[in-house]
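Structure record follows, encoded as structure tokens.
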Number of protein chains: 2
Amino acid sequence: MPGIDEVARLAGVSTATVSRALNGKLSVSGPTRDRVLAAASRLGYVVSSNASGLATGRTKNVGVVIPFLNRWFYSSVIEGAESALLQRGYDLTLYNLSGGGEERRSVFEHFLLRKRVDAVIAISLELTPSEVSRMLAMNTPIVGIGGPLPGVRTLSVDDVEVARRCTQYLIDLGHHSIAHIGGSQESERDFHLPTSRRVGYEAALADAGIPIDPSLFEAGSFTIESGHRAAMRLLSQPHRPTAIFAASDEMAIGAILAVRELGLAVPGDVSVIGIDDHELASFFGLTTIAQFPQEQGRRAVEMLMEELHPGTGDTLALNVPLPVELVVRQSTARRG
Amino acid sequence: MPGIDEVARLAGVSTATVSRALNGKLSVSGPTRDRVLAAASRLGYVVSSNASGLATGRTKNVGVVIPFLNRWFYSSVIEGAESALLQRGYDLTLYNLSGGGEERRSVFEHFLLRKRVDAVIAISLELTPSEVSRMLAMNTPIVGIGGPLPGVRTLSVDDVEVARRCTQYLIDLGHHSIAHIGGSQESERDFHLPTSRRVGYEAALADAGIPIDPSLFEAGSFTIESGHRAAMRLLSQPHRPTAIFAASDEMAIGAILAVRELGLAVPGDVSVIGIDDHELASFFGLTTIAQFPQEQGRRAVEMLMEELHPGTGDTLALNVPLPVELVVRQSTARRG
DNA sequence: TTGAAAGCGCTAACAT
DNA sequence: ATGTTAGCGCTTTCAA
């Protein structure tokens, strides 16, 4: 592992010039820069991030904090963020909080404070004021996905609106008896997202003058299995609904499987709609509202970069709305 | 952000003593240590990883390199590794190679060389000799999952044996006409794993004196969808197999769905077995051979730690076999 | 057991 | 445009 001084020697310049040339500073003449670059690549020189970080206060590393790793949505966001970061020469350091409270504390009170990261992306995490202020005190920019979060720039879909559109779509197809599979209390840690979706669902019904029937709601935990169980309960009621709106595609897929298992047809007997555009959605012909998680990761990185490398006249938007898109497939149909 | 000197001042000792106390060195008296610890925690002091890393050459950070993120197996391994690392005060920096060749080059020629990581875990990656020697030249220990890899300590299941056991299990149930859904050429990047599994399958058949019928093999790409497609082809042959062995649970689940779609029953008409014990396996009642990916991640971390912090008389095993376990559920039955 | 001081490998003023 | 030099915040000899 050659150091900067070996490069300097080989190129016949000072280490300062090497540093300047390698960091693309302007004040280096063409020929000098070329000699330095050639020397560096000949020696296979790579800057030590510790030394460089210590000198500049910048690590070229971004921390990503997530509540779960093992779910399509989260790993997709990370995938998007990772490739955007790599492209810009940044590393991604992962902090998975699924372990529980103790883990979360140590991440925020130790790991994120040791100056290993220049910035933090927090996904679907309701940061506490103290967590936020700790980061801001260190001058570590944060971007949240799935906000809003007081004092933090966020990127988020309007969950109430998305749920309303799903429900409205079913209403427009002539359905009146529309069930909803939402989240339970404990899944609330993701930003009251289940609640928002339920609110949107109820708002659409209310707007259409359809009474809200509590027996048409079931809680799940955002898995195929829980969606299946919830749908089984909904469909074995005396008056079974003609449509189901699930708060996630995985639950919607569970519902589709339940419908089939009962010898009924989708969408002939029951229409099903979800949210996400999960990788399995097209396989199951699921109508859904897509929310492009990879893109969300990419955009979070862009927001961070604006803040880390201020350009001319960027305005740092505070809470950026995320695009969604209704994807109609074969799981929904006009009420028979 | 207080520095070490503030802690030293508050505790009334030198920075050297603070460093020693905080790093658990023996040569610090009880009372002194207590005063230092108290001062540090009162100030909320956290060591700067850059400064510490520069001084020691150790970063307390491990790089994890994976070919995909968005698959149950990989994110499970990472989850296991992450929590094991966090527990030991290590960060995990993620390098996802799914982007393609260019990305891979930059990871090995730039990112991993800038001394940001103390060690590397490579998952299902056939490292080239040059990639390996680069790491070893920097004195960066590597552990591979899914080996063997020349010159690298690895952790791996015996894929041939696993496939043989799956097939044998079906044979023991009286099946003769056993189809196999394996991998295609391009999925070969994961260590010829598809090939190994096919070899095990054929070996079991040969041992039982069952002729190998090429029309009973179909290639998939380790997704539910591809398993479904492959099974559809297998089951629409004039002589349909009575059992299917899929090289992954996701493909096995696709197969189960295909069987049902054709109006047949699992396991009544067709038995299905997979490999993995995917989170959906129990929901689909899938018989499978479990391979505990989280555990694999945890053990890779343990191997690295042995190497990073050599204890007394550890012998560093070179290629460690990984345990697997047959999990019998409802997708397999004696031939009717 | 503790302190003083010399680095670790870079970058950024400040000179020239 | 380039070189000199003083840190960045720790750890670790070496001395006491």
Side-chain angles (χ1 to χ4, degrees), chain A residues 1-37 39-40 43-61 89 110 113-118 138-139 308-309, chain B residues 1-37 39-40 43-61 89 110 113-118 138-139 308-309:
Chain A
M1 284 287 95
I4 197 174
D5 46 354
E6 298 188 43
V7 179
R9 210 173 310 133
L10 181 57
V13 297
S14 71
T15 60
T17 297
V18 173
S19 173
R20 285 188 280 249
L22 260 26
N23 291 298
K25 298 278 196 268
L26 11 143
S27 49
V28 180
S29 76
T32 306
R33 149 173 291 109
D34 292 346
R35 259 184 309 137
V36 170
L37 263 38
L43 296 173
Y45 170 75
V46 177
V47 57
S48 150
S49 59
N50 281 325
S52 164
L54 183 55
T56 58
R58 295 249 168 252
T59 61
K60 292 224 147 207
N61 186 20
H110 178 76
L113 299 183
R114 54 177 170 181
K115 295 177 147 96
R116 196 193 274 308
V117 301
D118 289 343
M138 305 191 53
N139 241 306
L308 253 18
H309 311 285
Chain B
M1 286 289 92
I4 197 175
D5 46 354
E6 297 187 43
V7 178
R9 210 174 309 131
L10 181 57
V13 295
S14 71
T15 60
T17 297
V18 173
S19 172
R20 285 189 278 248
L22 260 28
N23 291 298
K25 299 279 196 265
L26 11 143
S27 49
V28 180
S29 75
T32 309
R33 148 175 290 108
D34 292 347
R35 259 182 311 136
V36 170
L37 263 38
L43 295 174
Y45 171 76
V46 177
V47 57
S48 150
S49 59
N50 281 326
S52 164
L54 183 55
T56 60
R58 295 249 169 251
T59 61
K60 293 223 148 208
N61 185 21
H110 178 76
L113 299 182
R114 54 178 171 182
K115 296 177 146 90
R116 194 192 277 307
V117 301
D118 289 342
M138 302 191 56
N139 241 304
L308 253 18
H309 311 285

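Chain A is the first sequence line, chain B the second, and so forth, proteins listed ahead of strands; every chain is numbered from 1. These numbers come from the heavy atoms of this one structure, side chains and all, not from hydrogens, waters or symmetry mates.
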#### Entry: 5' to 3' contact window, DNA chain D with chain B (heavy-atom distance under 4.0 Å)
D:dG9 to D:dT13
### Task
Report the end-to-end axis angle of the helix from C:dT1-D:dA16 to C:dT16-D:dA1; each axis comes from five terminal pairs, and the value is rounded to 10°.
30°
### Task
For B:Arg33, enumerate each residue passing the salt bridge (charged side-chain N to carboxylate O under 4.0 Å, His left out) test, keeping only those at least two apart in sequence or located in another chain.
none
### Query
Under a 4.0 Å heavy-atom cut-off, which of residues 3-11 of chain A touch DNA chain D?
none
### Task
For B:Ser27, answer base if it contacts any base atom (sugar-phosphate contacts may also be present), sugar-phosphate if it contacts only those atoms, and nothing otherwise; contact means non-hydrogen atoms under 4.0 Å.
base
#### Entry: Test side chain to side chain contact (heavy atoms under 4.5 Å, CB included) applied to A:Met1 - qualifying residues, sequence neighbours left out
B:Lys115, B:Met138
### Summary
Rounding to 0.5 Å, atoms OH (A:Tyr45) and CG (A:Asp5) come to a distance of 8.5 Å
### Task
Can you sort out which residues in residues 17-25 of chain B have a heavy atom within less than 4.0 Å of DNA chain D? Ascending by number, please.
B:Ser19, B:Arg20, B:Asn23, B:Lys25
### Query
Between B:Val47 and B:Ile4, does a side-chain contact (heavy atoms from CB on, under 4.5 Å) hold up when you go through it step by step?
CA-CA 7 Å; B:Val47 57; B:Ile4 197 175; over 6 Å; no
### Of all pairs that satisfy side-chain hydrogen bond (donor to acceptor under 3.5 Å, both in side chains), the ones with a partner from residues 10-20 of chain A, not counting sequence neighbours
A:Ser14-A:Thr17, A:Ser19-A:Asn23
### Message
side-chain contact (heavy atoms from CB on, under 4.5 Å), that's the test. Do B:Val18 and B:Val13 meet it? Break it down for me.
### Response
CA-CA 7 Å; B:Val18 173; B:Val13 295; 3.7 Å; yes
### Summary
Between A:Leu43 and A:Pro2, the two heavy atoms sitting closest are O-CG, 3.2 Å
### Query
First contact, last contact: which nucleotides of DNA chain C are these for chain A, 5' to 3', heavy-atom distance under 4.0 Å?
C:dG9 to C:dA13
### Query
Got a sec? Which of residues 45-53 of chain A come in under 4.0 Å of DNA chain C, heavy atoms?
A:Tyr45, A:Val47, A:Ser48, A:Ala51, A:Ser52
### Task
Report the residues that fulfil salt bridge (charged side-chain N to carboxylate O under 4.0 Å, His left out) with A:Arg35, sequence neighbours left out, ordered by chain and then residue number.
none
### Task
Only pairs at least two apart or in different chains count here, so list each side-chain hydrogen bond (donor to acceptor under 3.5 Å, both in side chains) that has a residue in residues 49-59 of chain B.
B:Thr59-B:Asp118
### Query
Mapping B:Ala55 and A:Ser14 onto DNA chain D by nearest heavy atom, which one lands closer to the 5' end?
A:Ser14
### Query
Of B:Ala16 and B:Leu26, whose closest DNA chain C nucleotide lies nearer the 5' terminus?
B:Leu26
Please list every donor-acceptor pair under 3.5 Å in which a side-chain atom of residues 24-32 of chain A meets a protein atom from a residue at least two apart or in another chain.
from    : atom 1 : to      : atom 2 : distance (Å)
A:Ser29 : OG     : A:Thr32 : N      : 3.4
A:Ser29 : OG     : A:Thr32 : OG1    : 2.6

### Message
If I compare all heavy atoms of B:Ala21 with all of B:Leu37, which pair ends up nearest, and what's the gap?
### Response
O-CD1, 4.3 Å
